S.K.: 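This is the structure, below, for whatever I ask next.
Every heavy atom of this structure was used, including side-chain atoms; hydrogens, water molecules and symmetry mates were not. As the structure is a prediction and not an experimental result, all values here were calculated from the model. Position 1 is the first residue of the sequence; numbering continues from there. First listed ligand is number 1; within each ligand, the first listed atom is number 1.
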Amino acid sequence: MTGEIELDGNAGSPIVIGHRGAAGEAPENTLASFRLAAEQGSHMVELDIHLSEDGKLIVCHDDTLDRTTDRTGAIRSLLSDAIRGADAGSWFSPSFAGERVPFLEEVYDLLPPHIEINVEVKDAGGALLDEVLLDYLRGGNRLERTVVSSFDHKLLLRLKQAEPELRIGLLYAADLIHHASYAALLETEVWSLHPHHGLIGAKDAGDAIAAGLRIYPYTANHPAEWDRLVSVGVTGIITDYPGRLKEHLSSR
Ligand code: G3P
Ligand code: MG
């Protein structure tokens, strides 16, 4: 089913959002991981981006290649050819040897259009990243399947002002007094809240949903956490195990 109701989620059945693809079962932020998240029925996948030295949008969580590839170095100081030469799969398991660090466009090309994409901007590298990202998202009906999130809320505001059609999601790990009121401070339409999963309660969620916000907490990997989030009434759950979450929700 790909209807609006499922994509938007609801209090009883939050949407499944694959974190860095299906990072619990495949090397994070690789095409193998995104493919698996799609096969497991994710409604949306989350990924992280940085800008390379030559201005390409690179999908990687850390600002260096060190932890998740067989090469080292800061992404913003490397040319994309060098980044593409890295093996991003072997560190996770030899069965994923040869996986590459993807360009953002490869993920959009890979995933069927009904799967939404949550692009988390890690490198608030300034105007160039803003421009390259918005240029890319403006093409090919990509804006409508994208939510851009970041811990840098000034960056999100800047992007939203430059492109009013962009859907933005606020990432944070704080026990805010009133989540919906914080979003209202931006004085622009906020699509979604992405709080740490342990820092959102039922009243927070109810008030936010009443204000028209969606709530996609990160990163919950255990059944007890999923059950709590369902009882809280969130609209989506970001998880490293989208397949397990999907099964868990169906069995409830
Ligand atoms: O977007 C949710 C989550 O990915 C934020 O934290 O460090 O896993 O990117 P991190
Ligand atoms: Mg992330």
Side-chain angles (χ1 to χ4, degrees), residues 9 14-34 36-37 42-51 57-69 74-76 88 91-92 101-104 107-108 111 115-125 129 133 137 145-156 159-160 166-176 179 182-183 190-200 204-205 208 213-222 225-226 229 232 234-242 245:
I15 65 167
V16 172
I17 306 170
H19 185 235
R20 310 180 197 172
E25 298 179 78
E28 63 182 63
N29 283 324
T30 60
L31 295 186
S33 187
F34 299 122
L36 182 59
S42 301
H43 305 91
M44 181 185 287
V45 299
E46 188 264 4
L47 54 81
D48 309 282
I49 60 161
H50 295 263
L51 201 63
L57 296 167
I58 302 295
V59 179
C60 187
H61 178 272
D62 300 357
D63 56 10
T64 73
L65 298 180
D66 304 13
R67 180 178 62 86
T68 56
T69 79
I75 293 171
R76 66 164 61 183
W91 72 274
F92 187 87
V101 178
F103 291 127
L104 181 62
V107 185
Y108 277 81
L111 295 173
I115 298 185
E116 297 183 282
I117 300 178
N118 173 199
V119 176
E120 183 191 343
V121 181
K122 284 293 188 201
D123 177 5
L129 184 138
L133 178 60
L137 294 179
R145 65 186 294 209
T146 302
V147 181
V148 174
S149 64
S150 183
F151 287 103
D152 183 338
H153 300 174
K154 290 177 181 163
L155 163 85
L156 293 174
L159 290 172
K160 180 74 176 171
L166 184 71
R167 304 190 298 185
I168 59 170
L170 306 178
L171 259 171
Y172 53 98
D175 200 359
L176 299 178
H179 297 239
Y182 176 72
V190 173
W191 180 260
S192 46
L193 301 179
H194 303 216
H196 183 278
H197 73 85
L199 298 174
I200 186 88
D204 304 322
L213 296 157
R214 292 137 193 92
I215 308 173
Y216 303 145
Y218 75 95
T219 297
N221 287 335
H222 303 290
E225 295 167 348
W226 298 334
L229 291 171
V232 158
V234 302
T235 41
I237 297 175
I238 300 176
T239 182
D240 291 328
Y241 298 95
L245 172 56

S.K.: Looking only at distance, does H19 have an N or O less than 3.5 Å from an N or O of ligand 1?
M.R.: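 Min N/O separation from ligand 1 is below 3.5 Å for H19.
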
S.K.: Hey, what's the angle at the Mg ion (ligand 2) spanning OD1 (D48) and OE1 (E120), nearest 10 degrees?
M.R.: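 About 90° at the Mg ion (ligand 2).
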
S.K.: Does S149, backbone or side chain, put an N or O under 3.5 Å from an N or O of ligand 1?
M.R.: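 No; the residue has no nitrogen or oxygen that sits under 3.5 Å from a nitrogen or oxygen of the ligand.
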
S.K.: Test your reading of the model: is there a side-chain donor-acceptor pair from R20 to the backbone of N29, 3.5 Å cut-off?
M.R.: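 Judged by distance alone, no pair lies under 3.5 Å.
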
S.K.: Hey, does the side chain of T239 reach the backbone of P242 with a donor-acceptor pair shorter than 3.5 angstrom?
M.R.: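 Pair absent, no side-chain N/O of T239 close to backbone of P242.
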
S.K.: For the backbone of H61 and the side chain of H50, can you confirm whether one donor and one acceptor N or O come within less than 3.5 Å of each other?
M.R.: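 Yes; at least one donor-acceptor contact below 3.5 Å.
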
S.K.: Any atoms of ligand 1 less than 4.0 Å from a non-hydrogen atom of L171? List them with their elements.
M.R.: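 In order of numbering, the contacting atoms are 1 (O), 2 (C), 5 (C).
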
S.K.: Among protein heavy atoms, which lies nearest atom 1 (O) of ligand 1, and at what distance?
M.R.: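 Closest protein heavy atom to atom 1 (O) of ligand 1: E46 OE2, 2.7 Å.
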
S.K.: Taking the six-membered ring for Trp, are Y218 and H197 ring centroids under 6.0 Å apart?
M.R.: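 That pair fails the under 6.0 Å test.
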
S.K.: Give the residue and atom name of whichever protein heavy atom lies nearest to atom 7 (O) of ligand 1, and the separation in Å to one decimal.
M.R.: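 Checked against all protein heavy atoms, atom 7 (O) of ligand 1 sits closest to H61 NE2, 2.7 Å.
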
S.K.: Between R214 and W191 (side chain of the first, backbone of the second, donor and acceptor by atom type, cut-off under 3.5 Å), is there such a pair?
M.R.: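 Checking the backbone N and O of W191 against the side chain of R214, a donor-acceptor pair under 3.5 Å is found.
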
S.K.: Please indicate whether any nitrogen or oxygen in D48 is less than 3.5 Å from any nitrogen or oxygen in ligand 1.
M.R.: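 Yes, there is a polar N/O contact under 3.5 Å.
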
S.K.: As an exercise, identify every atom of ligand 1 less than 4.0 angstrom from a heavy atom of K122.
M.R.: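 Listed by number with element, the hits are 7 (O), 9 (O), 10 (P).
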
S.K.: Would you confirm whether E120, through its side chain, and S150, through its main-chain N or O, come within 3.5 Å as a donor-acceptor pair?
M.R.: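 Here the side-chain-to-backbone pair does not exist.
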
S.K.: Pick out which of D48, I58, L51 makes a side chain to side chain contact (heavy atoms under 4.5 Å, CB included) with K122.
M.R.: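 That would be D48.
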
S.K.: Just give me the atom name: the N, O or S atom of E46 closest to the Mg ion (ligand 2).
M.R.: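 The E46 atom nearest to the Mg ion (ligand 2), restricting to N, O or S, is OE2.
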
S.K.: I need the nearest protein heavy-atom contact for atom 5 (C) of ligand 1: residue, atom name and distance, please.
M.R.: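 Result: E120 OE1, 3.4 Å.
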
S.K.: How far is atom 8 (O) of ligand 1 from its nearest protein heavy atom, and which residue and atom name does that atom have?
M.R.: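 Looking at atom 8 (O) of ligand 1, the protein heavy atom closest to it is R20 NH2, 2.8 Å.
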
S.K.: Hey, does L170 have a side-chain heavy atom less than 4.5 Å from the side chain of Y182?
M.R.: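 Yes, their side chains come closer than 4.5 Å.
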
